[in-house]
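One structure is given here, and the rest of the page talks about it.
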2 protein chains.
Amino acid sequence: MGRGGRERNGQAGARALDVAALAGVSTATVSRAFNAPEKVAPEIREKVLKAAAELGWMPHPAGAALASRRTWLAGALIPTLDNDVFASQVGALQTRLSAEGVTVLIGCSNYDADQAANQVRTMLARGVEALAVVGESHRPGLFETIAARGVPYVVTYSHRPGSPHPSVGFDNAAAFRRIARHLLDLGHRDFGLIHQPSIDNDRVVARIEGLRATLAEEGVALRPQHVREGPASIAFGRQSLRSIMEAPGPRPTAVVCGNDALAIGALIEARALGIRVPEDLSITGFDDVAMAEQTDPPLTTMRVDNAEIGQRAADYLLACLAGRQPPPPPPLESRLILRASTGAAARSAA
Amino acid sequence: MGRGGRERNGQAGARALDVAALAGVSTATVSRAFNAPEKVAPEIREKVLKAAAELGWMPHPAGAALASRRTWLAGALIPTLDNDVFASQVGALQTRLSAEGVTVLIGCSNYDADQAANQVRTMLARGVEALAVVGESHRPGLFETIAARGVPYVVTYSHRPGSPHPSVGFDNAAAFRRIARHLLDLGHRDFGLIHQPSIDNDRVVARIEGLRATLAEEGVALRPQHVREGPASIAFGRQSLRSIMEAPGPRPTAVVCGNDALAIGALIEARALGIRVPEDLSITGFDDVAMAEQTDPPLTTMRVDNAEIGQRAADYLLACLAGRQPPPPPPLESRLILRASTGAAARSAA
DNA sequence: AAGTGCTATGTAAGCGCTTACATTCTGATT
DNA sequence: AATCAGAATGTAAGCGCTTACATAGCACTT
């Protein structure tokens with residue numbers, strides 16, 4: 001039988017009806033004054049706005065969402081907020097979307113595919129109208145679920161040629177091919193690799209494959225004893241470099257790292273071990289964090305414009321929401337930043 | 001006259017009514033099966049859940065919000081996502097809140113008070129039921145606006161004794177008093193200071209005041225030519241240290257930095273200038289970032305557990321939402337991490 | 001046998017807004 | 001003067017859900 005006794009709670013309790021009454025118009029006009037100002041005569045619009053201001057009224061989003069079937073919500077699925085790379089992507093995405101009145105919901109997967117799937121489910125349940133998700137290695141059916149809802153989405157950060165998904169990012173494999181080529185050109189033939197966990201992480205997998213493929217072109221292979229996989233931390237970089245250099249057999253003359261934190265760790269440990277960089281050993285990073293140009297020697301690394309990824313992803317999704325059928329975005333370029341941590345290969349210690 | 005021709009859009013178009021029909025119950029029971037399972041007989045609940053699964057139905061949040069007057073939305077206002085300190089706070093806040101079914105909306109002010117006010121307005125309009133905001137120096141009336149809506153809030157990151165707001169954070173002034181005391185104890189009497197922009201930033205202001213106050217106790221004052229204010233970057237730290245050391249008159253024997261990035265920059269520049277740390281100059285940071293223990297020499301700095309701030313803020317807000325009147329949270333401790341960048345004062349060059 | 005207190009379910013009235021369609025009013029056209 | 005197009009506004013029917021209250025069913029009492 002419903003609640004009966006209306007009893008508005010004194011607080012934030014103005015409704016469109018109250019504004020309409022105060023302005024001497026109907027609720028339809030109130031709504032139009034806010035959502036389609038051009039359809040309301042200027043002086044009436046003025047009156048409505050004044051009445052709304054007086055009552056401190058703003059359209060209640062739940063009511064609006066229900067009636068208009070629009071939520072003005074978008075979602076961003078990222079591995080973690082604790083990584084600059086994703087934080088700045090999301091930041092840019094949000095800035096761009098909020099300028100169009102779209103609020104961004106953030107979901108963190110903590111690099112776990114199940115959590116990712118849950119977050120997406122939650123966002124969908126919340127009614128997001130567009131979704132940006134980092135990477136494309138997710139639980140099977142994830143993208144289908146999204147598409148089945150008719151929600152436009154875009155993969156961010158990585159751009160794999162041949163991927164069935166629209167994506168805004170760069171080609172991770174190509175980026176590492178570029179690094180490999182650079183080192184090969186310097187004469188290196190013995191390589192080490194320190195990288196992040198590759199499970200459920202297509203970016204890391206692509207990088208490793210890009211590296212291996214390019215080395216293979218010159219008949220060079222990575223030796224297992226020169227490869228380390230672990231947390232993307234300075235500490236892991238240090239410990240890995242030490243154990244690689246202590247491994248039996250010939251030492252690598254170049255160590256490729258999955259990101260700058262690992263590379264900085266490697267650099268620090270090399271110094272601690274009395275290994276000269278780049279004379280005895282070349283080291284490369286990835287990301288070009290602020291610290292990379294301040295290390296001694298400064299770090300050769302790849303730069304990617306993460307804010308631009310976020311922004312382009314936002315633009316793409318916005319275009320989809322506007323009903324345009326935008327072309328899949330082109331890949332972004334990553335750029336090799338040559339600094340002093342790489343140099344001509346030392347005579348191999350083999 | 002309303003839309004008339006119902007015409008459900010094939011897609012995600014199941015309603016509670018459809019589920020009810022399929023399960024052979026009323027919509028009330030469907031609702032209860034989801035929101036108050038204990039009030040529904042187990043076998044009926046089972047049937048409802050199965051029917052919902054079959055139709056791929058989930059409660060539509062706008063309808064739910066409208067009817068229940070609950071949005072299960074909370075907001076977090078931070079300066080920027082581009083800073084680990086805030087990113088991890090938000091991350092922890094979100095993890096905790098989402099475990100209770102609350103979705104977090106993030107607003108970035110970019111250190112601008114007007115943007116902050118706008119973001120808060122937007123979040124309030126979106127119907128957030130609780131708010132965590134970094135710092136307390138905001139546009140006058142901001143907190144009143146929030147409180148007027150009956151929305152519980154908590155100030156994060158800083159905890160100022162005597163503040164009228166509930167806050168989860170540490171006492172920035174006390175933290176810098178601690179640093180000052182440490183350096184005074186080491187015999188320093190000539191200080192430099194490199195800090196972030198202080199406008200609209202109560203944390204930075206409190207730190208500076210804590211430092212000045214403690215120095216004053218020993219009759220020590222900061223000389224204007226030894227103070228620099230600018231972006232919290234490694235580069236600004238470098239350039240500031242150089243210009244401080246080049247300033248006419250006696251050089252400081254200790255330089256206090258507003259955060260680790262500035263301190264790392266100062267450390268790098270000291271090395272470039274041939275100034276020995278800590279023999280000739282002591283340097284301190286703030287935050288204890290991962291890099292701080294890897295610098296040469298490792299950096300003396302203050303550690304704050306940002307994840308814990310986020311988590312406690314979440315717990316406090318959750319308690320408010322549960323209708324409990326939780327006591328204002330106690331301040332957190334920041335901890336001085338003594339490393340090798342600080343040492344006994346050199347004989348003053350005065 | 002009738003009454004009592006439970007608990008599990010159903011009924012139906014909104015929540016606050018948008019929007020299709022109806023209505024009114026204007027000024028231009030015939 | 002009559003007609004009509006077009007613009008501005010009003011009317012009122014939902015959007016999909018929750019929940020106060022009513023009701024039915026059941027196990028005990030007395």
Side-chain angles (χ1 to χ4, degrees), chain A residues 1-9 11-21 23-48 51-52 55-72 125-127, chain B residues 1-9 11-21 23-48 51-52 55-72 101 125-127 129:
Chain A
M1 214 200 282
R3 267 166 235 62
R6 282 288 294 92
E7 188 195 349
R8 316 244 66 262
N9 71 347
Q11 292 302 15
R15 273 124 65 256
L17 191 63
D18 303 323
V19 175
V25 299
S26 71
T27 59
T29 299
V30 171
S31 174
R32 281 191 287 256
F34 277 76
N35 304 318
E38 76 284 359
K39 292 189 176 172
V40 176
E43 66 274 23
I44 299 234
R45 192 192 315 153
E46 213 48 45
K47 260 197 306 194
V48 171
L55 296 175
W57 180 85
M58 325 180 79
H60 183 124
L66 202 50
S68 67
R69 296 147 159 282
R70 294 279 274 120
T71 60
W72 298 95
R126 275 258 173 218
Chain B
M1 213 204 285
R3 267 165 236 63
R6 281 288 294 95
E7 189 194 348
R8 315 244 67 261
N9 72 348
Q11 292 302 16
R15 273 122 68 254
L17 191 63
D18 304 321
V19 176
V25 299
S26 71
T27 58
T29 299
V30 171
S31 174
R32 281 190 287 255
F34 276 76
N35 304 317
E38 76 284 0
K39 291 190 175 170
V40 176
E43 66 273 24
I44 300 233
R45 191 192 315 153
E46 213 48 46
K47 260 197 306 196
V48 171
L55 296 176
W57 179 84
M58 323 180 82
H60 183 124
L66 202 49
S68 67
R69 296 143 160 282
R70 296 278 276 121
T71 60
W72 298 94
R126 275 261 173 213
E129 302 178 318

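Here is the naming used below: chain letters follow the sequence lines, and residue numbers restart at 1 for every chain.
In this structure, CZ on B/Arg15 lies 10.5 Å from OG1 on B/Thr27, to the nearest 0.5 angstrom.
Applying the side-chain hydrogen bond (donor to acceptor under 3.5 Å, both in side chains) criterion to A/Arg126, with sequence neighbours excluded, gives B/Thr103. Taking B/Ala65 as the reference, A/Ala62, B/Thr71 meet the side chain to side chain contact (heavy atoms under 4.5 Å, CB included) condition, with sequence neighbours excluded. Remark: B/Ser31 engages B/Asn35 in a side-chain hydrogen bond (donor to acceptor under 3.5 Å, both in side chains) (not counting sequence neighbours). Scanning for ring-ring contact (aromatic ring centres under 6.0 Å, His included) contacts around B/Trp57 gives B/Phe34, with sequence neighbours left out.
Atom CZ in B/Arg15 sits roughly 8 Å away from atom C1' in D/dG16 (whole-Å rounding). Distance, B/Leu17 CG to D/dG14 P: 14 Å, rounded to whole Å. For the pair B/Asp18 CG and D/dG16 P, the computed distance is 9 Å after rounding to whole Å. Here the C1' atom of nucleotide C/dT19 and the CZ atom of A/Arg70 are 15 Å apart, to the nearest Å. Atom pair B/Arg69:CZ and C/dA13:C1' shows a separation of 13 Å (rounding to whole Å applied). The interatomic distance linking B/Asn35 (CG) with D/dA20 (P) rounds to 13 Å, in whole Å.
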Using Watson-Crick and G-U wobble pairs with both distances under 3.5 Å, what is the 5'-to-3' dot-bracket string of DNA chain D, with [ ] for crossing pairs and | for pairs outside the strand?
||||||||||||||||||||||||||||||
At a cut-off of 3.5 Å, list every protein nitrogen or oxygen paired with a nitrogen or oxygen from nucleotides 6-9 of chain D, distance to 0.1 Å.
residue, atom, partner, partner atom, Å
D/dT9, OP2, A/Ala41, N, 2.9

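Contact annotation: A/Ser31 reaches the phosphate of C/dT18 (side-chain N/O to OP1 or OP2, under 4.0 Å).
A heavy-atom distance below 4.0 Å to DNA chain C is reached by these residues of residues 56-66 of chain A, ordered by number: A/Trp57, A/Met58, A/Pro59, A/His60, A/Gly63, A/Ala64, A/Leu66.
Residue pairs satisfying the side chain to side chain donor-acceptor pair (under 3.5 Å) criterion with at least one member in residues 38-47 of chain B, sequence neighbours excluded, are absent.
B/Ala16 comes within 4.0 angstrom of sugar-phosphate atoms only, judged by non-hydrogen atoms across all strands, and of no base.
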